[in-house]
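Accompanying notes for the structure given below.
These figures come from a predicted structure and were not determined experimentally. In each ligand, atom 1 is the first atom listed, and ligand 1 is the first ligand listed.
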Amino acid sequence: MGNNELPRDLIEAMRSAKCVFVFTGAGASKESGLPTFREIDGEWTRHDPMTFATFEGFISNPVKVWNLYRLRQRQIASAQPNPAHTTIAEMEQYYPEFLLCTQNVDDLHERAGSRKIVKLHGDAWQMRCLDCGKIFDTRDFDLPDEFTEETLPKCPKCGGLCRPNIVWFGEYVPHEAMAAALDMVSRCDLMLIVGTSGEVSGGYGFAQQARANGATVVEINPSEGVLTRYAHFWVPEPAGLALPRIWKSVTDRCRAQ
Ligand code: APR
C-alpha cells in the first residue's frame, strides 16, 4: 500500500464493523521505546529466552531472572502510551462489541484507557506465588530495585517464593483469557493485527479462523510476516502512525454520512 492512500474498502469495513477483535504484540509498544523480541535489536538477541523466559531458567537463577524483570518494570514505568495505544482505546468506545487481546506484558494499553482487554502472556507488574498461586502487584510492596538471594520476593500469604506473573515458553496461556479471545475470534467481523510476528500463542490460529469466518482482517506492521497472508489489507507502517491515520479516515467518513 502506497505511502498515503488508504483503500476505501478498508475504511468502509472499519466504519461498518460491529464486532471487533484487536490483537497486539510488542510492535504496538515499539514507538513508546520498549523493545520487541525477535527483531535485530530485540530482547531475544540480548537475553537468552531459555534463561530468562522459561520456568527452568527461573528456578536455576531466580535472582538473575527477577532482576531482568525489575529492569523491564523500570523501562515500562518511564514509557508513555503512543498513538497506537490511544487509538485502540478510542476504538473500544465506538464499536458495539470490542475486545483487545494483547501479548504485551506492559500496561501501556491500560494507561491509554483500554478496558476491554485480555492479556495472554501475563503482566510485568505482577508476581505469583509458586506455592499458593496467589497473584500480587509488585508496586504494592516496598521491593528493592535489584534482588539478592536474601531479598527475593516471598508470598505475603504463605511465604513461598514468588515469580514474575508472565507466561514463559512451554507454559499455558491463562484459560479465561484464551477462551475470551477465541469467542471473539469466532464472532468478529473485523480483526486488526497490530505489531506481532505471529510466532506464538495462537496469533496464527486467530487470523486463520477470522479469515475463514468471513471477517475483514487488517494487519498493521512495517514488515511482512506469517500472518500477512491472512490479511485482506496490510498497512506496512508503524502502528503509531498508521492507526491514528486510519482512524481519522474512519471517523471523518462517519461525520460525512
Ligand atoms: N508498529 C507495528 N509493528 C511493529 C513496529 C511498529 N512500530 N515495530 C516493529 N513491529 C513489528 C515487527 O515487524 C514484528 O512483526 O512487531 C513485531 C514484533 O514481533 P516480536 O518481536 O516477535 O514480538 P511479538 O509478536 O509480540 O512476540 C509474541 O513472543 O517471545 C514471546 O512472550 C513474548 O509476547 C511475546 C510473544
*asked:* Looking only at the side chains, is there a donor atom on one of Glu219 and Thr228 sitting less than 3.5 Å from an acceptor on the other?
replied: yes
*Do Glu90 and Thr87 get their side chains close enough for a donor-acceptor pair, meaning under 3.5 Å?*
no
*Interfacing atoms of ligand 1 (cut-off 4.0 Å, heavy-atom, Ala26)*: 23 (O), 24 (P), 26 (O)
*Looking at atom 35 (C) of ligand 1, what's its closest protein heavy atom, distance included?*
Phe37 CE1, 3.6 Å
_Looking at every heavy atom in both Leu100 and Ile88, which two are closest together, and how far apart are they?_
CD2-CG2, 4.0 Å
*asked:* So, regarding His121 and ligand 1 (criterion: nitrogen or oxygen to nitrogen or oxygen, under 3.5 Å), is there a contact or not?
replied: yes
*For ligand 1, is there an N or O atom under 3.5 Å from any N or O atom of Ala239?*
yes
*Please could you name the atoms of ligand 1 that Ser223 approaches to less than 4.0 Å, counting only its heavy atoms?*
13 (O)
_Part of Glu199 within contact of ligand 1 (heavy atoms, under 4.0 Å)_ = neither
*Please identify which atoms of ligand 1 are closer than 4.0 Å to at least one heavy atom of Phe169.*
30 (O)
*Classify the contact between Lys30 and ligand 1 as side chain, backbone, both or neither, using a heavy-atom distance cut-off of under 4.0 Å.*
side chain
*Have His109 and Thr24 got a donor and an acceptor in their side chains that come within less than 3.5 Å?*
yes
*Taking the six-membered ring where the residue is Trp, are the ring centres of Phe52 and Trp168 under 6.0 Å apart?*
no
*asked:* If you count every heavy atom of other residues, nucleotides or ligands that lies below 6.0 Å from Arg8 atom CZ, does the total exceed 12?
replied: no
*asked:* Quick check: Arg38 and ligand 1, any N/O pair under 3.5 Å apart?
replied: yes
*To which protein heavy atom is atom 30 (O) of ligand 1 closest, and what is the distance rounded to 0.1 Å?*
Trp44 NE1, 2.9 Å
*Report yes or no: does a heavy atom of Pro222 sit under 4.0 Å from some atom of ligand 1?*
yes
*Donor-acceptor pair, Gln75 side chain versus Leu34 backbone, under 3.5 Å?*
no
*Which residue from Asn221, Val200, Val235 reaches closest to atom 14 (C) of ligand 1 through any of its heavy atoms?*
Asn221
*Looking at Gln103 and Val200, what are the two nearest heavy atoms and their distance?*
OE1-O, 3.6 Å
*Backbone or side chain, does any N or O of Val167 fall under 3.5 Å from an N or O of ligand 1?*
no
*Gln73 versus Arg70, side-chain donor and acceptor atoms under 3.5 Å*: yes
*Where is the nearest protein heavy atom to atom 17 (C) of ligand 1: which residue, which atom, and how far?*
Gly195 O, 3.6 Å
*asked:* Which of the numbered atoms in ligand 1 are under 4.0 angstrom from any heavy atom belonging to Glu31?
replied: 1 (N), 6 (C), 7 (N)
*Using side chain to side chain donor-acceptor pair (under 3.5 Å) as the criterion, point out the one residue from Thr138, Asp137, Asp107 that pairs with Trp125.*
Asp107
_ligand 1 atoms in contact with Pro238 (distance to a heavy atom under 4.0 Å)_ = 1 (N), 6 (C), 7 (N)
_Heavy-atom nearest option to atom 5 (C) of ligand 1, drawn from Gly240, Ser29, Gly27, Gly25_ = Gly27
*Please state which protein non-hydrogen atom is closest to atom 25 (O) of ligand 1 and give its distance, to 0.1 Å?*
Thr196 OG1, 2.7 Å
*Do the side chain of Arg72 and the main chain of Asp106 share a donor and acceptor less than 3.5 angstrom apart?*
no
